[in-house]
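A short write-up of the structure that comes next.
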Amino acid sequence: MENQNLQAFLDLQKRIYHYKSAATIMSFDASTIAPIGGSAVRGERAAFFGLEMYKLRTSDEMKNLLDALLPIKDTLEIKYQAMLREAKKTYDKLTKIPGELVAKHEQLQNDAMDIWQEARAKDDFSLFAPILKELIALTKEMLEYRKEEGKTAYEVLLGDFEEGMSIPAYDAFFEDLKKVIVPLVKKVKEAHDQPVGDFIFQTVPVESQRALGKMIAEKIGYDLSRGYIGETAHPFCSGTDKYDTRITTRYYEEDFKASFYGIIHETGHAIYEQSVADGLFGTNIDGGVSMGIHESQSRFYENVIGRSKAFWECMIEEVKTFLPETFADKNAQDFYEALNIAKPSLIRVEADELTYCLHIIIRYEIERMLFQDEIEVDQLPAVWNAKYEEYLGITPPNNAEGVLQDIHWSMGAYGYFPTYALGSAYAAQFLAYMKKEFDVDASVRAGDFAAIKKWLTEHIHQYGATYPPRELVKRIAGEELNAKYYTDYLTEKFHEVYHLGE
Ligand SMILES: [Zn+2]
């Protein structure tokens, strides 16, 4: 490489990468098999690695390299431009806020997560309210240091999780969804032909579920020579890089679909990480670009593929070899309908594909009001319940199943929820583009998942975080986020499942 500064910048990225990899492995270990007795020292160790990364990312060395390289950015290859863009963004974000506020935030976050857990267990919002108020106030204080021209505080938060998404963009997106989903949910509720789903809840031994999960993960494209399937209460995907991307799931004997779809979902995340181009390895752009795009990949595999009729037509006999005899008389149509039952429910993570986004819209509208000072923390339970009544026609019987159900607000993750809805919408949008190039249903029906992975790798995965999310999407078909693909997809699918006439 000719440019010495660029080489030095890459070396610095590599050092950060090594710390990050170590921290990732330790965190995976802590969530899965690490002994409970070691938790105190693990916390100290994690803090050490976090601090070392912080020091490198905000170092004079970083500043000098950015100062030297940013002016000549446009003369460099696109991937280097992206690395500099991301490093600068991180540098600015980390150096703008005074260190003591960051430390206070970290402490408060830790405390809030513990208190939230207790409050949820006791179904007592008043336990959680005081620290939530503190955390929100501190978040607002920190945002004062990160003011951006023409952006409200909540928009800065939204941008942290999905670059380029503004309040007007989300408002328009959610309006488009509401217009179609709310009446569709009502139609489905009143449909004459209600699918039967009880047969799904039969005992399937955990060992069979493990084997089934491994089979399906590999079938759709997870390379287990660079992967691993672990076990945790809340499934996740985590990895150091494309050579080590791990997932977890949980097993319920009476509900095999929980582990089955948990694995397919996380495999979608893992395939994304595993398919990033080799040339980006060990840099700050060697993983998925944003929460929204990442979630589009997991939801694509879980819902668009895994809950399609073609999928069940292809997989039914193979899946049944892992299930008890009692499933023997069920056919592809039975599975397809049972696994697509749509019904308003209280808990977001258990919601079906049709009603899921309504849970997100509720959270988005509440967060927006909170950060625009239109409501107070004490009003949250009442506002929450009213929104559930308005959008889903149900009222939570208690706060544990209502406003206290999600971990996000206790983690200080405000502005995160909307990316889940973006993921669902992008997944449908990508399906539409893919269908223009080949017969996706025919591929799935033939068990050929390679064509799908190839398309996703070519258009999305290989780039890692080279292009910001909106640009990445626009590069595929010249168009940005368009909710219509998603609402059309839902309309068509649920008309089919519920035999609704136009
Ligand atoms: Zn996910």
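Order of appearance sets the numbers: ligands from 1, and atoms from 1 within every ligand. Hydrogens, waters and symmetry mates play no part in the numbers below; they use all other heavy atoms, side chains included.
- Each ring-ring contact (aromatic ring centres under 6.0 Å, His included) pair with one or both residues in residues 208-237, not counting sequence neighbours, appears once here: Phe28-Phe236.
- For the Zn ion (ligand 1), the set of nearby N, O or S atoms under 2.8 Å includes none belonging to Cys237.
- Looking at His265, its N, O or S atom nearest to the Zn ion (ligand 1) turns out to be NE2.
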Anything under 3.5 Å between a donor and an acceptor, one on a side chain of residues 272-289, the other on a protein residue two or more places apart or in another chain? List them.
unit_1	atom_1	unit_2	atom_2	d
Tyr272	OH	Val289	N	3.1
Glu273	OE2	Gly288	N	2.9
Glu273	OE2	His294	NE2	2.6
Gln274	OE1	Asp223	N	3.1
Gln274	NE2	Asp223	O	2.9
Gln274	NE2	Arg226	O	3.2
Ser275	OG	Ile271	O	2.6
Asp278	OD1	Lys242	NZ	2.6
Asp278	OD1	Tyr243	OH	3.2
Thr283	OG1	Leu280	O	2.7
Thr283	OG1	Ile285	N	3.2
Asn284	ND2	Met83	O	3.0
Asp286	OD2	Gly282	N	3.3

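- For Glu295, the nearest N, O or S atom to the Zn ion (ligand 1) falls under 2.8 Å.
- Note on ring orientation: taking the six-membered ring where Trp is involved, the planes of Tyr170 and Phe173 are tilted (angle from 30° to 60°).
- Here Lys88 pairs with Asp92 in a salt bridge; the nearest charged N to carboxylate O distance falls below 4.0 Å.
- The Zn ion (ligand 1) has an N, O or S atom of His269 under 2.8 Å away, backbone or side chain.
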